[in-house]
Student: 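Take a look at this one; I'll ask things after.
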Amino acid sequence: MKLAMGSDHVGWELKQEISEYIQSLGHETVDFGAYSSERTDYPKYGKKVAEEVASGQFDGGVLICGTGVGISISANKVKGIRAVVCSEPYTAKLSKQHNNTNIVAFGSRVVGVDLAKMIVKEWLEASYEGGRHAKRVDMIDEIASKE
Ligand code: RB5
């Protein structure tokens with residue numbers, strides 16, 4: 001898979017470790033910033049990664065800020081994006097299976113490196129189940145398409 005990655009300054013360090021981990025699982029990552037711990041604004045990176053994922057050039061995205069909240073809210077403003085913020089692997093897995101999430105987000109101030117790896121692994125390995133969930137996911141996407 002090809003994954004787009006983004007973070008703010010707070011998530012930058014964890015992003016490096018998670019990017020290397022994703023690559024060790026055999027996937028490709030492209031980092032859209034931030035590229036240092038210099039103070040910056042998470043909406044820029046949430047928007048950029050969301051637009052890249054929505055364009056269809058990536059199989060998904062990974063976003064990290066302090067809590068994962070601000071950057072995932074920003075990503076969810078982009079049409080076609082279903083971003084989940086989670087702090088444990090169960091939600092990550094179910095969000096892909098039931099909600100067809102295309103971005104996973106978490107907080108570097110909330111989860112440690114090992115838990116972040118577990119979250120990402122579960123999310124990457126899960127598949128959307130469709131079926132009874134499809135109508136509901138379509139309903140979510142219709143909300144954005146009415147804008
Ligand atoms: C930055 O201080 C912090 O607000 C940001 O990383 C994130 O937690 C926002 O949701």
Student: Is there side-chain contact between N100 and H133, with heavy atoms separated by less than 4.5 Å?
Tutor: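 When only atoms from C-beta onward are counted, H133 and N100 do not touch, as no gap falls below 4.5 Å.
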Student: Does L25 belong to the same Ile/Leu/Val/Met/Phe/Trp/Tyr cluster as W123, with side-chain heavy atoms less than 4.5 Å apart forming each link?
Tutor: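 Looking at the clustering, W123 is in the same group as L25.
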Student: Determine whether N99 and R82 make a side-chain contact, defined as any pair of heavy atoms from C-beta on separated by less than 4.5 Å.
Tutor: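 Side-chain contact under 4.5 Å: no.
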Student: Hey, could you give me the CD/CD distance between Q23 and E28, rounded to the nearest 0.5 Å?
Tutor: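 Going from CD on Q23 over to CD on E28, the span is 8.5 Å.
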Student: Before giving the answer on side chain to side chain contact (heavy atoms under 4.5 Å, CB included), spell out for V30 and E52 the whole-Å C-alpha distance, their side-chain angles and the decisive distance to 0.1 Å.
Tutor: CA-CA 10 Å; V30 178; E52 293 291 338; over 6 Å; no
Student: Quick one: pull up CD in Q57 and CD in E51 and give me the separation to the nearest 0.5 Å.
Tutor: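 Separation between the atoms: 12.0 Å.
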Student: Can you confirm whether Q16 sits close enough to W12 that some side-chain heavy atom of one is under 4.5 Å from a side-chain heavy atom of the other?
Tutor: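 Yes, close enough: below the 4.5 Å cut-off.
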Student: Applying side chain to side chain contact (heavy atoms under 4.5 Å, CB included) to M118 and E88, what does each step give before you reach the verdict?
Tutor: CA-CA 8 Å; M118 289 172 75; E88 38 71 31; over 6 Å; no
Student: Please check: side-chain N/O of K15 versus main-chain N/O of Y35, any donor-acceptor pairing under 3.5 Å?
Tutor: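 Between the backbone of Y35 and the side chain of K15 there is no qualifying donor-acceptor contact (under 3.5 Å).
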Student: Side-chain heavy atoms under 4.5 angstrom apart, residues restricted to Ile, Leu, Val, Met, Phe, Trp, Tyr: same cluster for L3 and Y21?
Tutor: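 As far as the 4.5 Å side-chain criterion goes, Y21 and L3 are connected within one cluster.
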Student: Say whether, by atom type as modelled, one donor and one acceptor occur between the side chain of D141 and the main chain of G80 under 3.5 angstrom.
Tutor: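 Not confirmed, D141 side chain does not pair with G80 backbone.
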Student: With a cut-off of 3.5 Å and sequence neighbours excluded, list every side-chain donor-acceptor pair involving residues 37-45.
Tutor:
| residue | atom | partner | partner atom | Å |
| --- | --- | --- | --- | --- |
| T40 | OG1 | K44 | NZ | 3.4 |
| T40 | OG1 | Y45 | OH | 3.0 |

Student: In Å and rounded to the nearest 0.5 Å, what is the NZ to OG distance from K117 to S24?
Tutor: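 Spacing of NZ (K117) from OG (S24) equals 7.5 Å.
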Student: Return the CG to CD1 distance between N76 and I143, rounded to the nearest 0.5 Å.
Tutor: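 Result: 10.5 Å between the selected atoms.
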Student: Check the hydrophobic clustering (I, L, V, M, F, W, Y; side-chain heavy atoms under 4.5 Å; chains of links allowed) and say if V120 and M1 are grouped together.
Tutor: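 In one cluster with V120: M1, yes.
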Student: Do the side chains of V84 and V62 join up, straight or via other hydrophobic residues, at under 4.5 Å, putting them in one cluster?
Tutor: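 Yes; tracing contacts between hydrophobic side chains, which count when under 4.5 Å, links both residues.
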Student: Is the shortest heavy-atom distance from the side chain of D59 to the side chain of H27 under 4.5 Å?
Tutor: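 No, their side chains stay 4.5 Å or more apart.
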Student: Using the side chain to side chain contact (heavy atoms under 4.5 Å, CB included) rule, take C86 and I119 through it: C-alpha gap first, then chi angles, then the decisive distance, then the call.
Tutor: CA-CA 8 Å; C86 42; I119 289 167; 3.9 Å; yes
Student: Measuring from atom CD1 of I18 to atom CG of L63, what distance do you get when rounded to the nearest 0.5 angstrom?
Tutor: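 It is 13.0 Å, given to the nearest 0.5 Å.
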Student: Flag the pair L124 / K96 as yes when at least one side-chain heavy-atom distance between them is below 4.5 Å, and no otherwise.
Tutor: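 Sidechains of K96 and L124: no contact.
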Student: Name the atoms and distances for all side-chain donor-acceptor pairs under 3.5 Å in residues 103-115, with sequence neighbours left out.
Tutor:
| residue | atom | partner | partner atom | Å |
| --- | --- | --- | --- | --- |
| S108 | OG | V10 | O | 2.9 |
| S108 | OG | C65 | O | 3.4 |

Student: Quick one: CZ on R136 to CD1 on I140, what's the gap to the nearest 0.5 Å?
Tutor: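 The distance works out to 10.0 Å.
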